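These numbers were taken from a predicted model, which means no experiment stands behind them. Order of the sequence lines fixes the chain letters, A, B, ..., with proteins taken first and strands second; residue numbering starts at 1 for each chain.
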There are 2 protein chains.
Amino acid sequence: MRSQTELTDAFRDAGLKITPQRLLMFRLLEGNASHPTAEALYEVARREMPSISLRTVYQTLNDLASMGELLQIDLGSGPGRFDPNTEDHHHFICDDCGSIHDVQVDTEATLQADGLKVRSVEVVFRGSCATCVASK
Amino acid sequence: MRSQTELTDAFRDAGLKITPQRLLMFRLLEGNASHPTAEALYEVARREMPSISLRTVYQTLNDLASMGELLQIDLGSGPGRFDPNTEDHHHFICDDCGSIHDVQVDTEATLQADGLKVRSVEVVFRGSCATCVASK
DNA sequence: AGTTTTTCTGCAAAGGTTGTTATTTAGCAA
DNA sequence: TTGCTAAATAACAACCTTTGCAGAAAAACT
Ligand SMILES: [Mn+2]
Ligand SMILES: [Mn+2]
Ligand SMILES: [Zn+2]
Ligand SMILES: [Zn+2]
């Protein structure tokens, strides 16, 4: 995800207006490495702007995602997670605490695809994170 | 997934009864490489047993999954898919037609996990399947 | 400032799955 | 075989997450 000022320009270029709600979302997401849910962002946003609606949070997240500023991660169950880190990376999901960690994988996908045209590769590791391994 | 007779034993061992509904599910899943949804299985099942309920289909799928006889695959959106192929394999999802294909990947996951204890690796390829590439 | 256009909120509804419960059934013992 | 009992089924309600919709409100453009 780009900086607030760049996002402001990008939104205006896309014919979208800059509102306090959107600016707040930009701020909450910038550098956010927690892979939050919409609901989690909503709760934090409400502390600063009690009138904001969950609908608006989803709206802004969807706008950002469709502009390629955010990635959406779908774990098998539960709500989707949003990721402002759009660099090429993969995820490690802790089965114990649910935390999501960024991981780099040299994804040289040695797939002898029989006619399959690969457009993207997504790798999901599951297990226990360092914290949870320690507390066992 | 094991054969009907083996599943019958396994269910009985687990204190579960063998019912016509369950036998039908066993039969519909055996060797099924289409990665069907619960709903899809329900529709086929209804043709043979019109009184079967979607709830029972889900129940049996969940039972099989928790016994390790079935895998559940979650695409980003839409209903979950079930896979009686419990061998170590990964998936290729066609973005065009939604079909799911089994693929083998030498998953030597060169992850320099900082304290992360990996329990499973899931790789999802997306793109266009051979059929869809041809019809373009 | 007034007008237009977009966005916001609040709420209803959707899709997919699971919870609940009365009724039926499988498995077993008499 | 028959009856007993625990378990499974069907039907339906409720759930969770996300999206659709209808004014009310706010932003951008004269
Ligand atoms: Mn990430
Ligand atoms: Mn498969
Ligand atoms: Zn953890
Ligand atoms: Zn295809």
Side-chain angles (χ1 to χ4, degrees), chain A residues 4 7-26 28 35-43 45-67 70-83 98 100, chain B residues 4-5 7-26 28 35-43 45-67 70-83 98:
Chain A
Q4 265 181 75
L7 289 177
T8 295
D9 289 348
F11 266 59
R12 290 226 165 94
D13 288 352
L16 300 176
K17 295 177 176 175
I18 297 304
T19 65
Q21 289 86 348
R22 284 175 174 172
L23 284 171
L24 174 54
M25 293 299 293
F26 294 172
L28 295 183
H35 303 88
T37 62
E39 186 74 36
L41 289 163
Y42 173 56
E43 288 309 324
R46 282 224 287 192
R47 294 209 274 272
E48 289 196 37
M49 188 185 285
S51 71
I52 198 173
S53 72
L54 179 59
R55 190 69 184 83
T56 297
V57 171
Y58 271 107
Q59 195 90 260
T60 306
L61 291 172
N62 287 343
D63 289 341
L64 285 166
S66 70
M67 291 169 77
L70 270 189
L71 296 179
Q72 201 166 342
I73 303 167
D74 190 85
L75 317 184
S77 63
R81 318 287 295 240
F82 293 87
D83 192 349
I100 304 182
Chain B
Q4 266 182 75
T5 40
L7 289 176
T8 296
D9 290 348
F11 266 59
R12 291 225 166 96
D13 288 352
L16 301 176
K17 296 177 176 175
I18 298 304
T19 65
Q21 289 87 345
R22 285 176 172 170
L23 284 172
L24 174 54
M25 293 299 293
F26 294 172
L28 295 183
H35 303 88
T37 62
E39 185 75 35
L41 289 163
Y42 174 54
E43 290 308 325
R46 282 222 289 191
R47 295 209 273 273
E48 288 197 36
M49 188 185 287
S51 71
I52 197 172
S53 72
L54 178 58
R55 190 66 183 83
T56 295
V57 171
Y58 271 107
Q59 195 87 259
T60 305
L61 291 172
N62 288 343
D63 289 342
L64 285 166
S66 69
M67 293 170 75
L70 268 190
L71 296 178
Q72 202 168 165
I73 303 167
D74 191 84
L75 317 184
S77 63
R81 317 288 293 241
F82 294 87
D83 192 349

*Not counting sequence neighbours, which residues clear salt bridge (charged side-chain N to carboxylate O under 4.0 Å, His left out) with A:R46? List them please.*
A:E43
*B:Q21: what forms a side-chain contact (heavy atoms from CB on, under 4.5 Å) with it, not counting sequence neighbours?*
B:T19, B:M49, B:I52, B:T56
*Not counting sequence neighbours, which residues clear salt bridge (charged side-chain N to carboxylate O under 4.0 Å, His left out) with A:D83? List them please.*
none
*Rounding to a whole Å, what distance do you find between B:R46:CZ and D:dT9:P?*
17 Å
*Can you find a side chain N or O atom of B:T56 that sits less than 4.0 Å from OP1 or OP2 on D:dA10?*
yes
*B:Y42: partners by ring pair (Phe, Tyr, Trp, His ring centres under 6.0 Å), with sequence neighbours left out*: none
*Any chance you could measure A:I73, atom CD1, to A:T37, atom OG1, to the nearest 0.5 Å?*
12.0 Å
_By nearest heavy atom, map A:G15 and A:V57 onto DNA chain C; which one lands nearer the 5' end?_
A:G15
_Between P of C:dT17 and CG of A:D74, the distance in whole Å_ = 12 Å
*Rounding to a whole Å, what distance do you find between A:M25:CE and C:dT9:P?*
11 Å
*With sequence neighbours excluded, residues passing salt bridge (charged side-chain N to carboxylate O under 4.0 Å, His left out) with B:R22*: B:D63
*Expressed in angstrom and rounded to an integer, what is the separation of B:E39 atom CD from C:dT18 atom C1'?*
15 Å
*Rounded to whole angstrom units, what separation is found between the CZ atom of B:R22 and the C1' atom of C:dG27?*
13 Å
*Quickly work out the B:L23 CG to D:dT9 C1' distance and round it to whole Å.*
15 Å
*asked:* By the 4.0 Å heavy-atom rule, please label A:S51 as base, sugar-phosphate, or nothing.
replied: sugar-phosphate
*Just by protein heavy atoms under 4.0 Å, how would nucleotides 19-30 of chain D read 5' to 3' in B, S and -?*
BBB-----BS--
*Value in whole Å for how far the C1' atom of C:dC8 lies from OH of A:Y42*: 12 Å
*Could you check B:L16 against B:A38 and say which one's nearest nucleotide on DNA chain C is further toward the 5' end?*
B:A38
*asked:* Here's a test for you: under side chain to side chain contact (heavy atoms under 4.5 Å, CB included), which of B:T60, B:L24, B:L61 qualifies with B:L41?
replied: B:L61
_Rounded distance (Å) that lies between atom P of D:dA8 and atom CD1 of B:I52_ = 14 Å
